[in-house]
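All remarks here apply to the structure that follows.
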Amino acid sequence: MVGAPSNPMTDSPDICRMLAERLGGTVTTLHVPMILSSAHIAAAMRQEPQIAIALVIGVAWGQEKVKAIKACLVGSYISALATDQATAESLLA
């Protein structure tokens, strides 16, 4: 991957942060799925105002992730994808 970090142990949140910094932006990590311990807490969370996020970039690669990436694309959970060529070709097949 062009511009990939030199440390192979760099994880996805770090890669997203580095990409955002290079593009002059910021990153907010969304921890999902959210598992709530009670129906009361879930109801309270549903009352919180929802924010609109204009651009969500997914960063993932590998044959073992193709089904999950495809589900994210079909479900419109991400609006852009950074991946490698082999994974991209599998998604398009």
Side-chain angles (χ1 to χ4, degrees):
M1 180 168 72
V2 176
S6 57
N7 180 352
M9 297 304 289
T10 303
D11 62 0
S12 293
D14 284 337
I15 293 170
C16 292
R17 181 187 48 74
M18 288 185 280
L19 178 62
E21 288 173 356
R22 287 182 187 173
L23 296 174
T26 60
V27 149
T28 301
T29 303
L30 302 176
H31 302 283
V32 292
M34 182 179 289
I35 300 171
L36 303 172
S37 59
S38 74
H40 176 72
I41 293 173
M45 290 295 293
R46 288 188 194 99
Q47 300 304 313
E48 292 294 316
Q50 301 296 309
I51 59 171
I53 302 172
L55 177 64
V56 178
I57 302 172
V59 179
W61 58 91
Q63 292 303 307
E64 68 279 0
K65 295 182 182 176
V66 168
K67 287 173 65 175
I69 296 168
K70 192 174 287 190
C72 289
L73 291 167
V74 169
S76 298
Y77 291 105
I78 59 176
S79 48
L81 175 63
T83 191
D84 63 355
Q85 183 173 346
T87 304
E89 289 173 353
S90 293
L91 287 166
L92 295 171

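Just so you know, residue 1 is the first one in the sequence shown, and it goes up from there.
Partners of Gln47 according to the side-chain hydrogen bond (donor to acceptor under 3.5 Å, both in side chains) rule, which considers only residues two or more places apart in sequence or in another chain, do not exist here. With sequence neighbours left out, the salt bridge (Lys or Arg N to Asp or Glu O under 4.0 Å) criterion links Glu89 to no other residue.
No more than 12 heavy atoms of other residues, nucleotides or ligands lie within 6.0 Å of CD in Gln85, so this atom counts as exposed by the packing criterion.
Considering all non-hydrogen atoms of both residues, Ser79 and Ala54 come closest at OG-O, 4.1 Å. Here the closest heavy-atom approach between residue Ala80 and residue Leu55 is recorded as CB-CD1, 4.1 Å. Of all heavy-atom pairs spanning Ala60 and Lys65, the tightest one is CB-CD, 4.4 Å.
Atoms OG1 and CG, on Thr87 and Leu81 in that order, are 8.5 Å from each other to the nearest 0.5 Å.
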Check: residues 66-78 side-chain donor-acceptor pairs under 3.5 Å, at least two apart:
none

